[in-house]
Amino acid sequence: MSKKKQKTFRPKARLPRGFGDVNAHEVRTMAAMIKTIGEVYELYGFEPLETPALEFAECLGKFLPDADRPNEGVFALQDDDEQWMSLRYDLTAPTARFVAENYDALAKPFRRYQTGTVWRNEKPGPGRFRQFVQFDADTIGSAEMAADAELAMMWSDVMEKLDIARGDYVIRMNNRKILDGVLDKINLLGDDEASAATRLTVMRAMDKLDRLGSDGVRLLLGEGRKDESGDYTKGAQLDAASIDKVIAFVEAGKDTNKATLTALAELIAGSEIGEAGIAELAEIDVLTSAAGYAEDRICFDPSIVRGLGYYSGPVMEAELTFEIKDEKGNLVRFGSVGGGGRYDGLVARFKGIEIPATGISIGVSRLYAALDKLGKHKAASVRAPVIITVMDKSERATYQQMAMDLRQAGIRAEVYMGSSGMKAQVKYADKRGAPLVVIQGEDERANDEITIKDLVVGSKASKDITDNEEWRTSQVAQITIKSADLVSKIQEILAKPHHQH
RNA sequence: GCAGUUAUAGCUCAGUUGGUUAGAGCGCCUGGUUGUGGACCAGGAGGUCGCAGGUUCGAGACCCGCUAACUGUACCA
């Protein structure tokens, strides 16, 4: 052996980008959110379903891993028998698989809700992760607009149950058939490849109205647009008349849903598919209006596009409309926190027969981030445990009994599990945010007493004490009680206002 | 994917036209205080200056390549 020290390999402790740890506060608030959303879904009659994280790649849809880039878009791996499996990238595709697999046994329409983690192998950004949580509800096997209307209203209920005030959010709704109507009017509904490609470009451009404004969209519909970094995006090369039509369409939103429908009807008059879409939205409007859900909650917005893949009828998006400032004072808008719509073709991939379906997907992770910045999380705070210090290790059983007594009364309590001295123990309690510290050393034990130190009161008192001698010897915010009174005394102290949240 | 910017301690960042042992604040640890959080005081740990090459007597700084992160943009079931 050489005398040189072998350099031991130490991996850098780090996480792949787009993945994040979830701390105690986040776990609790996220769980509370999920509970709230689930309760609303249950109220509407939806049933829970869980499916696995991995599915056969071919079941999830068009993102089949190929030999060159097996993990583009999805995380995929090969089973023993070389079949490709993928981590699910949404909850809709697994649901379609489930329905196709169990179709005969299900009560139709099948109404289920599901929450879970999904994974996407793509570039992360602010508010965008490679692993995140969604919470979906779908009605499968109904072509009725009532199903879409119900989801929009339920979504609105969810937002308000999460303490997002009416006006701070809005469910925006459009219809893919109306979008097709516009494309129809500018002669882009052809089956040829060129039309299909231009269609995509046009829809992408329309979807960017909120971010780029109508001037930016105009550029994307025409020649192309150069962004501030100098990168150039080629446009759809439409002629001026067509551009005007598309712009008029995306800006056709009015103050009331009825007025929007009227405006849209004029713009796409003569297109069969477009008129069908307007009829669908009109039907939804009747139902939502009758239930009292006005434009301040569910708003028809012609600029909503929502993905390019499978939607076939109404599409919707939940948007947070308030703005707040970040640490640097910049205005931050959260924007979309979920999407949904009708996808009549999805189950047909498996069954051959078309089964109409509609659903919504709430982006729990994004919504969480937004509510966190708003300070709107409820039920998030759990009181830290009372810490019982270990003054004499030989008395551990006694301290343990104190903790058990407190727990019996429903009070979080823990005996200090480390081996440091008292100073470190109180410091530990402080760092944990403990409300109280329980102390029983030799002196107390001799008199069958226990000392309770109130860390909240002590913290306030420390501001007026600059002398350490005084701080130490005055034993600030401490009381000594009879051992038998431990639980009742602590209950009494914790009921005081300064220990309430 | 494309473009721009950046990379120095756990965090936020200094580091002069290239010059000796690379700094500060905050945080962390220890002691002042063997039975007490904060404040204060004293001390301490922590860096292959992203990686690899080159220019130079000499590189944290200059040049080339790579990597990563950030921002914008594209894509987004």
Side-chain angles (χ1 to χ4, degrees), chain A residues 7 10 12-18 57 59-64 69 72-74 86 88-94 96 118-126 128 130 134 200-201 203-205 207-208 211-212 216 220 224-234 305-311 327 330 336 339 341 343 345-346 349 361 387 389-392 416 420-434 436-445 451-478 480:
Chain A
K7 190 144 189 184
R10 292 196 196 288
K12 188 170 195 273
R14 65 203 178 111
L15 225 36
R17 61 186 173 155
C59 287
L60 288 181
K62 62 176 181 177
F63 288 90
L64 297 180
R69 314 192 298 178
E72 191 68 16
V74 298
S86 298
R88 64 188 178 202
Y89 53 77
D90 68 12
L91 299 175
T92 310
V118 302
W119 295 266
R120 295 185 186 180
N121 192 8
E122 56 192 26
K123 185 188 159 188
R128 284 185 68 162
R130 293 205 284 177
Q134 294 190 325
L200 279 179
T201 311
M203 293 206 294
R204 284 171 187 148
D207 200 31
K208 295 184 175 77
R211 197 153 41 84
L212 303 181
L220 286 174
R225 174 179 178 273
K226 190 191 270 197
D227 69 51
E228 56 203 73
S229 73
D231 195 23
Y232 187 74
T233 309
K234 195 167 186 292
V305 178
R306 282 314 297 175
L308 309 159
Y310 54 61
Y311 290 117
E327 313 81 58
N330 300 319
S336 173
Y343 49 97
L346 209 55
R349 288 188 55 238
S361 179
I387 302 293
T389 55
V390 175
M391 301 294 286
D392 303 297
Y416 176 72
S420 299
M422 180 170 187
K423 183 184 170 76
Q425 295 189 40
V426 178
K427 205 167 174 175
Y428 167 79
D430 185 48
K431 204 159 189 174
R432 285 290 305 275
L436 305 174
V437 169
V438 170
I439 302 163
Q440 190 185 51
E442 223 177 323
D443 301 348
E444 287 92 346
R445 199 173 317 109
T451 294
I452 302 171
K453 184 180 183 71
D454 189 322
L455 292 185
V456 175
V457 171
S459 165
K460 282 184 189 131
S462 78
K463 286 175 187 134
D464 300 323
I465 303 175
T466 49
D467 176 57
N468 185 251
E469 186 71 12
E470 183 189 350
W471 170 246
R472 275 183 59 240
T473 55
S474 66
Q475 305 205 318
V476 65
Q478 288 183 210
T480 299

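All chains are named by letter (A, B, ...) in the order of the sequence lines, taking the proteins before the strands, and each is independently numbered beginning at 1. Only a predicted model underlies this, so the values are computations on that prediction, with no experimental measurement involved.
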Shortest non-hydrogen contact from A/Tyr343 toward A/Gly341: CD2-O, 3.5 Å

Polar side-chain atom of A/Gln425 near backbone of A/Tyr416 as donor-acceptor pair, under 3.5 Å: no

Sugar-phosphate, base or nothing in reach of A/Asp392, heavy atoms under 4.0 Å: nothing

Phosphate-side-chain proximity, A/Lys463 and B/G37, N/O vs OP1/OP2 below 4.0 Å: no

Euclidean distance, atom CE of residue A/Met422 to atom P of B/U34 [Å, nearest integer]: 12 Å

Sugar-phosphate only, base, or nothing, as touched by A/Gln440 at under 4.0 Å among non-hydrogen atoms: nothing

Rounded distance in Å between the P positions of B/U48 and B/C11: 12 Å

Touch class at under 4.0 angstrom, heavy-atom based, for A/Arg88 against every strand present: nothing

Watson-Crick or G-U pairs under 3.5 Å in RNA chain B, rendered as dot-bracket with [ ] for crossing pairs and | for another strand: (((((((..((((.....[...)))).(((((.......))))).....((.((..]....)).)))))))))....

Ring-base stacking, A/Tyr310 with B/A77 (5.5 Å, 30° cut-offs): no

Distance, P atom - from B/A7 to B/A42, rounded to whole angstrom: 34 Å

Atom pair distance, as rounded to whole Å: CD in A/Glu444 and C1' in B/U36: 11 Å

Spacing of the C1' atoms in B/G4 and B/A77 (rounded, Å): 30 Å

Side-chain heavy atoms of A/Gln134 within contact of A/Asp90, under 4.5 Å: yes

Sugar-phosphate only, base, or nothing, as touched by A/Lys123 at under 4.0 Å among non-hydrogen atoms: base

Nearest-Å distance for atom pair CG/P, residues A/Leu455 and B/G37: 10 Å

Sugar-phosphate, base or nothing in reach of A/Gly441, heavy atoms under 4.0 Å: base

Rounded distance in Å - CG (A/Leu220) to C1' (B/C75): 14 Å

Whichever of A/Pro124 and A/Ser459 has its nearest RNA chain B nucleotide further upstream toward 5': A/Ser459

Pair of N/O donor and acceptor under 3.5 Å linking B/U30 base with A/Lys423 side chain: no

Sugar-phosphate only, base, or nothing, as touched by A/Lys460 at under 4.0 Å among non-hydrogen atoms: nothing

Euclidean distance for C1', B/A69 against B/C51 (whole angstrom): 14 Å

Beyond-backbone contact of A/Lys427 with A/Ser420, side-chain heavy atoms, under 4.5 angstrom: no

Under-4.0 Å side-chain N/O to phosphate OP1/OP2 contact, A/Arg204 with B/A74: no

Contact check, side chains of A/Gln478 and A/Ile452, non-hydrogen atoms, under 4.5 Å: no

Between B/G54 and B/U20 - P atom distance, rounded Å: 23 Å

pair A/Gln440-A/Asp392: side-chain heavy atoms closer than 4.5 Å: no

Touch class at under 4.0 angstrom, heavy-atom based, for A/Thr233 against every strand present: sugar-phosphate

Sugar-phosphate only, base, or nothing, as touched by A/Gln478 at under 4.0 Å among non-hydrogen atoms: base

A/Lys431 NZ to B/U36 C1', straight-line distance once rounded to whole Å: 17 Å

Side-chain N,O (A/Lys427) to OP1/OP2 (B/C28) below 4.0 Å: no

Between B/A74 (C1') and A/Arg211 (CZ): distance, integer Å: 9 Å

Whole angstrom value for the distance that separates P of B/U73 from CD of A/Glu122: 16 Å

Within-4.5 Å side-chain heavy-atom neighbours: A/Pro94 and A/Leu60: yes

Heavy-atom closest contact (A/Arg306 atom, A/Ser336 atom, distance): NH1-OG, 3.7 Å

P-based separation of B/C70 from B/C26 [nearest Å]: 29 Å

Sugar-phosphate, base or nothing in reach of A/Arg17, heavy atoms under 4.0 Å: sugar-phosphate

Atom C1', compared across B/C13 and B/G32: separation rounded to whole Å: 32 Å

Interatomic distance, A/Asp207 CG vs B/C76 P [rounded to whole Å]: 9 Å

Smallest separation among heavy atoms of A/Met422 and A/Ile439, with atom names: CE-CD1, 3.5 Å

Interatomic distance at C1', B/A68 relative to B/U8, whole Å: 16 Å

Shortest non-hydrogen contact between A/Arg130 and A/Asn121, atoms and distance: NH1-OD1, 2.9 Å

